[in-house]
Amino acid sequence: MEGAEWLEEVPEDTTVEKLKERCLKHCLPGSLEDPKTVTHHKLIHATSEKVLTDTKTVLEENIQDRDVLLLVKKRAPTLLPKMSDVVAEEKRKQEQKAPDKDAILKATANLPARSVDRSVTHHNMRDFPFLQFQTELRKILVSLIEVAQKLLALNPDAVELFKKANAMLDEDEEDRVDEIALRQLTEMGFPESRAVKALRLNHMSVTQAMEWLIEHADDPSVDAPLPGSAPAEAPAEGAASSAEAAAGPSSEEGGEEAKDELTEIFKKIRRKREFRPDPRAVIALMEMGFDEKEVVDALRVNNNQQNAACEWLLGDRKPSPEDLDKGIDTNSPLFQAILENPVVQLGLTNPKTLLAFEDMLENPLNSTQWMNDPETGPVMLQISRIFQTLNRT
């Protein structure tokens with residue numbers, strides 16, 4: 001860290017600990033008399049910023065010829081706080097906690113009542129064009145999902161198509177990474193493997209991924225791989241048995257069975273796409289005094305937008321969570337224009353489009369991912385253009 005540079009030549013089977021001892025002999029003569037000196041220092045690979053493991057060899061750590069390593073003294077461990085300090089800190093937090101509804105009513109009981117016109121004084125975040133589109137998009141998606149299900153159900157291979165769609169959900173979603181978001185992070189200087197991990201942990205949000213990377217820059221486990229999910233074999237077996245049922249004699253009973261099977265598959269798809277609230281927004285809003293359930297409802301109604309969710313919690317709380325399943329008026333000029341678009345018509349016959357709609361309905365943060373997908377992106381682009389065009393007229 002003082003800027004001294006030198007060249008160490010070692011064979012590939014040399015352990016990192018031995019290499020560290022050689023470095024310490026060079027820059028801190030006599031320091032090895034204290035056995036703790038070695039454990040109090042660490043070697044970091046300058047390019048990948050990875051902390052090298054003492055027990056591994058140079059070969060196992062994939063150290064190449066002419067690689068630059070940095071010898072750094074470890075930070076002293078943080079001392080555990082005293083119990084008295086913990087109690088005092090907890091008491092301070094309780095004193096600073098936002099008051100609940102009963103406390104507010106008690107404190108304001110003697111104040112004169114005033115009639116406030118919320119329509120004038122309360123500025124609704126949903127009035128902004130982008131959020132207005134997000135709100136309307138949800139209604140559009142609800143109605144388009146119904147149309148897509150009906151269209152795909154008319155296909156002779158409907159059961160098989162939805163088996164594939166269901167299997168797509170059972171595949172490891174960790175394999176999907178938004179290439180544009182990944183490129184933005186790597187151009188900032190973050191290692192690709194670390195950027196991929198950050199994006200997966202933060203639902204492909206570049207901003208949140210960047211914050212995570214900065215927060216965990218010194219974390220020794222930052223490069224540890226994410227735990228893999230077990231392969232979904234059960235749905236595959238179910239698919240095989242369903243395929244046998246679909247291949248049976250084309251009787252009225254068989255038709256009813258196929259219809260029931262499609263209904264079950266639709267339910268499975270919906271169950272797998274549960275809403276995931278933004279954890280940072282949940283914490284921020286709960287610190288304002290709202291309970292967890294109403295915070296989650298607010299984020300779900302407002303597409304995980306923290307400011308809009310706050311406005312919703314402080315306002316009349318319209319629309320309600322129950323209104324989210326209501327679609328757009330199917331006779332409206334907007335919906336008719338969307339259905340008449342050839343790109344949208346073609347996309348509605350693709351099971352992947354249905355999956356994208358379901359996913360965006362419950363997890364708006366994934367919208368960017370589907371917008372960049374070569375199959376679903378053109379459909380979303382047409383919907384956006386039609387909305388913007390009719391909204392201006």
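Bear in mind the structure is a predicted one, so any value in this text is a computation, not a measurement.
A distance of 10.0 Å separates CD in Glu60 from CG in Asp13, rounded to the nearest 0.5 Å. One finds the CD atom of Glu49 at 9.0 Å from the CG atom of Asp218 (value rounded to the nearest 0.5 Å). The CD1 atom of Ile328 sits 6.0 Å away from atom CD1 of Ile338, with the distance rounded to the nearest 0.5 Å. In this structure, CG on Leu213 lies 12.0 Å from CD on Gln208, to the nearest 0.5 angstrom. With rounding to the nearest 0.5 Å, the separation of NE2 in His40 from CZ in Arg75 is 15.5 Å. To the nearest 0.5 angstrom, Glu179 atom CD is 9.5 Å from Asn372 atom CG.
The side chain to side chain contact (heavy atoms under 4.5 Å, CB included) with Ile140 is formed by just one residue from the set Ile145, Ile386, Leu334; it is Leu334. Checking each of Thr55, Thr57, Val51 against Thr53 for a side chain to side chain contact (heavy atoms under 4.5 Å, CB included) leaves exactly one that passes, namely Thr55.
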CA sep, side-chain torsions, deciding dist, call: Thr15, Lys56, side-chain contact (heavy atoms from CB on, under 4.5 Å): CA-CA 6 Å; Thr15 63; Lys56 290 187 177 181; over 6 Å; no
Step-by-step side-chain contact (heavy atoms from CB on, under 4.5 Å) determination, Asp67 to Thr47: CA-CA 8 Å; Asp67 274 3; Thr47 305; 5.7 Å; no
Stepwise side-chain contact (heavy atoms from CB on, under 4.5 Å) test for Glu8 and Leu19: CA-CA 8 Å; Glu8 288 286 353; Leu19 176 57; 4.1 Å; yes
Working for side-chain contact (heavy atoms from CB on, under 4.5 Å), residues Phe387 and Ser384: CA-CA 5 Å; Phe387 176 84; Ser384 176; 5.8 Å; no
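Using a 4.0 Å cut-off between charged side-chain N and carboxylate O, Asp373 and Lys352 make a salt bridge. Salt bridge annotation for Asp329-Lys139: absent, with no cationic side-chain nitrogen under 4.0 angstrom from a carboxylate oxygen. One finds no salt bridge joining Glu17 and Lys20 here, because no Lys/Arg side-chain nitrogen approaches an Asp/Glu carboxylate oxygen to under 4.0 Å.
Contact annotation: the side chain of Lys42 never approaches that of Leu52 to less than 4.5 Å [non-hydrogen atoms, C-beta and beyond]. Taking 4.5 Å as the limit, every side-chain heavy atom of Leu69 sits out of range of all side-chain heavy atoms of Ile44. The closest side-chain heavy-atom distance from Trp370 to Val379 is not below 4.5 Å. Looking at heavy atoms from C-beta onward, Met188 lies in side-chain contact with Met210 at the 4.5 angstrom threshold. Looking only at side-chain heavy atoms (C-beta outward), Glu12 and Ile63 stay at 4.5 Å or farther from each other. Annotation: side chain of Trp312 is not in contact with side chain of Leu299 (no heavy-atom distance under 4.5 Å). Using a 4.5 Å cut-off on side-chain heavy atoms (C-beta onward), Phe335 and Leu339 make contact.
The 12-atom threshold is exceeded at CD of Gln336, counting heavy atoms of other residues, nucleotides or ligands nearer than 6.0 Å. By the neighbour-count criterion of 12 heavy atoms within 6.0 Å, atom CD of Glu9 is sparsely surrounded, having that number or fewer from other residues, nucleotides or ligands. With a 6.0 Å radius and a threshold of 12 heavy atoms from other residues, nucleotides or ligands, Lys18 has its NZ atom at or below the threshold.
The heavy-atom pair separating Lys74 from His41 by the smallest distance is CE-O, 3.6 Å. Of all non-hydrogen atoms in Gly327 and Ser143, the two that sit nearest each other are CA-OG, 3.3 Å. The nearest pair of heavy atoms linking Ala298 to Asn302 is O-ND2, 2.8 Å. Across every non-hydrogen atom of Cys23 and Leu71, the tightest pair is CB-CD2, 4.1 Å. Closest heavy-atom contact between Ser48 and Pro191: O-CG, 3.9 Å.
With sequence neighbours excluded, the residues that form a side-chain contact (heavy atoms from CB on, under 4.5 Å) with Gln184 are Ile180, Val206. For His216, the ring pair (Phe, Tyr, Trp, His ring centres under 6.0 Å) criterion is met by Trp212, not counting sequence neighbours.
Both Ile214 and Val196 belong to a single network of hydrophobic side chains, linked directly or stepwise wherever heavy atoms of I, L, V, M, F, W or Y lie under 4.5 Å apart. Linking Ile, Leu, Val, Met, Phe, Trp and Tyr whenever their side-chain heavy atoms come within less than 4.5 Å leaves Leu346 and Leu144 in two separate clusters. Val10 and Leu59 fall into different hydrophobic clusters, where Ile, Leu, Val, Met, Phe, Trp and Tyr residues are linked whenever their side-chain heavy atoms come under 4.5 Å apart, directly or through other members.
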Under 3.5 Å, side-chain donor or acceptor atoms of residues 281-292 against the rest of the protein: list the pairs with distances, not counting sequence neighbours.
{"residue": "Asp291", "atom": "OD1", "partner": "Lys293", "partner atom": "N", "Å": "3.2"}
{"residue": "Asp291", "atom": "OD1", "partner": "Glu294", "partner atom": "N", "Å": "3.0"}

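In this model, a donor atom of one side chain and an acceptor atom of the other lie less than 3.5 Å apart for Gln64 and Asn62. With 3.5 Å as the limit, one finds a donor-acceptor pair spanning the side chains of Glu375 and Asn350.
No donor-acceptor distance shorter than 3.5 angstrom exists from the side chain of Arg300 to the backbone of Val295, with no hydrogens or angles considered. When atom types are taken as modelled, the side chain of Thr389 and the backbone of Arg385 share a donor-acceptor pair closer than 3.5 angstrom. Looking only at distances, a side-chain donor or acceptor of Thr186 sits under 3.5 Å from a matching main-chain atom of Leu182. Under a 3.5 Å cut-off, the side chain of Thr353 and the backbone N or O of Gly347 do form a donor-acceptor pair.
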